[in-house]
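In what follows, every chain begins at residue 1, and chains take the letters A, B, ... in the order their sequences are listed.
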Amino acid sequence: MPELPEVETVKNALKKRVLNLKIKDINIIYKNIIEFPDVETFKKNIINQVILDISRKGKWLIFELNDYCLLSHLRMEGKYNIKKINDEYDKHEHVEIIFDNNVSLRYKDTRKFGRMYLIKKEEIYNTKPLNELGLEPWDENLNVKFLKQKYKNKKLPIKTVILDQSIITGIGNIYADEILFLSNINPLKQTSKLTNKEMQKIIDNTKITLQKAIELGGTTIRSYTSEEGVHGRFQNELLVHNKENELCPVCNNKIIKIKVGGRGTYYCPKCQK
DNA sequence: AGTGCGACCCGAACGC
DNA sequence: TGCGTTCGGGTCGCAC
């Protein structure tokens, strides 16, 4: 499942392959992938644009074009693959971008959950979907004071709030469990009751965990691969996520699985009181 | 405003 | 073995 580190990996892979290419045509096979604007306008506006740069904000991929930005969220299983024009479509390829050198960039998404927006460049940070995103993990404004302000009235469990993209952006279900384990915080703990020390640990461990995951090319669970087909190696580093009934690497107690806000949540009851 | 939950999807895993 | 059922994951929209 692409979280921040996976998107970073995909971004870096794509930059090597499609930078400075001009979009000659686009085929939208499954229309629901296009969230905004309507499909016809989307097509009309993206054709003849050149990919000037590719960046990332939270879990969003940002293709910077001449006049617009193409925003792409991979959600659960979105992937990009480079093919040649006229190569047959795979079953789950939903969008095809054709460049004027006849390279074909395919967006493939088994679950059809991913979404794309085409937004005027100057508006991307003032409008959906990027306008409500919180801080990147390495933003200098991410400190205890900031979290205190955001957390003070929250009655929800911290696990749920860590997944709230409007506070810190980029953390998904896998890394949330890892960050709370490293911070010795129970995922059910009411957010407003966190101490300063615990908030500092969340900040530190978020940076550490995501940085390490980026260095290892992300995590591979189920079918996730990056654009280059490289399997992320962070999966080998996971301490608690997906490890129900295995032993805690710190205290040897059994890791348990519960549901928090509808999400599968793994933790060590002894290390995370 | 904050919170909870179904909907969106479909392959894998599970239960019988 | 084969069938039907459940689950999961991020985000949005709706109900309360």
Visitor: Reckon Lys259(A) has a side-chain N or O less than 4.0 Å from the OP1 or OP2 of dG8(C)?
Guide: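 True: Lys259(A) side-chain N/O within range (under 4.0 Å) of dG8(C) OP1/OP2.
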Visitor: Is it true that Lys83(A) and Glu96(A) have a side-chain N and a carboxylate O under 4.0 angstrom from each other?
Guide: no
Visitor: For nucleotides 13-16 of chain C, tabulate all protein N/O to nucleotide N/O atom pairs closer than 3.5 Å, reporting atom names and distance.
Guide:
none

Visitor: Give a yes/no on whether any side-chain N or O of His92(A) is located under 4.0 angstrom from OP1 or OP2 of dG11(B).
Guide: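 Yes, His92(A) has a side-chain N/O under 4.0 Å of OP1/OP2 on dG11(B).
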Visitor: What's Asn32(A) touching, base or sugar-phosphate or nothing? Going by heavy atoms closer than 4.0 Å.
Guide: sugar-phosphate
Visitor: What contact category does Lys150(A) fall into here, base, sugar-phosphate, or nothing, at under 4.0 angstrom with non-hydrogen atoms?
Guide: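 The residue Lys150(A) makes no contact with any strand.
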Visitor: Ignoring backbone atoms, establish whether Gln165(A) has a side-chain N or O less than 4.0 Å from OP1 or OP2 of dT11(C).
Guide: yes
Visitor: Whole-Å distance between dG10(C) P and Trp60(A) CH2?
Guide: 14 Å
Visitor: Could you list the protein-to-nucleotides 2-7 of chain B atom pairs, N/O on both sides, closer than 3.5 Å?
Guide:
| residue | atom | partner | partner atom | Å |
| --- | --- | --- | --- | --- |
| dT3(B) | OP1 | Lys155(A) | N | 2.8 |

Visitor: Under the salt bridge (Lys or Arg N to Asp or Glu O under 4.0 Å) test, which residues partner Lys59(A), sequence neighbours left out?
Guide: none
Visitor: At under 4.0 Å, does any side-chain N or O of Lys112(A) touch on OP1 or OP2 of dG11(B)?
Guide: no
Visitor: Return the angle between end axes of the helix from dG2(B)-dC16(C) to dC16(B)-dG2(C), with five pairs used per end and rounding to 10°.
Guide: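 So the angle between the two local helix axes works out to 60°.
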Visitor: Atom CD of residue position Glu122(A) - does it have more than 12 heavy atoms of other residues, nucleotides or ligands inside 6.0 Å?
Guide: yes
Visitor: May I ask you to check whether Phe181(A) and Tyr175(A) place their ring centres under 6.0 Å from each other?
Guide: no
Visitor: What nucleotide among dT11(C), dG9(C), dG8(C) has an atom nearest to a side-chain atom of Phe113(A)?
Guide: dG9(C)
Visitor: Would you call Glu35(A) and Arg115(A) a salt bridge, using N to O less than 4.0 angstrom?
Guide: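 So Glu35(A) pairs with Arg115(A) through a salt bridge.
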Visitor: Could you list the donor-acceptor pairs under 3.5 angstrom formed between side-chain atoms of residues 135-146 of chain A and any protein atom two or more places apart in sequence or on another chain?
Guide:
| residue | atom | partner | partner atom | Å |
| --- | --- | --- | --- | --- |
| Glu136(A) | OE1 | Arg56(A) | NH1 | 3.1 |
| Glu136(A) | OE1 | Arg56(A) | NH2 | 2.9 |
| Glu136(A) | OE2 | Arg56(A) | NH1 | 3.3 |
| Glu136(A) | OE2 | Gly58(A) | N | 2.6 |
| Asp139(A) | OD1 | Asn141(A) | N | 2.7 |
| Asp139(A) | OD1 | Asn141(A) | ND2 | 3.3 |
| Asn143(A) | OD1 | Lys145(A) | N | 3.2 |
| Asn143(A) | OD1 | Phe146(A) | N | 2.9 |

Visitor: Salt bridge (Lys or Arg N to Asp or Glu O under 4.0 Å) with Lys121(A): which residues, sequence neighbours excluded?
Guide: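 If we apply the salt bridge (Lys or Arg N to Asp or Glu O under 4.0 Å) test to Lys121(A), skipping adjacent residues, the hits are Glu64(A).
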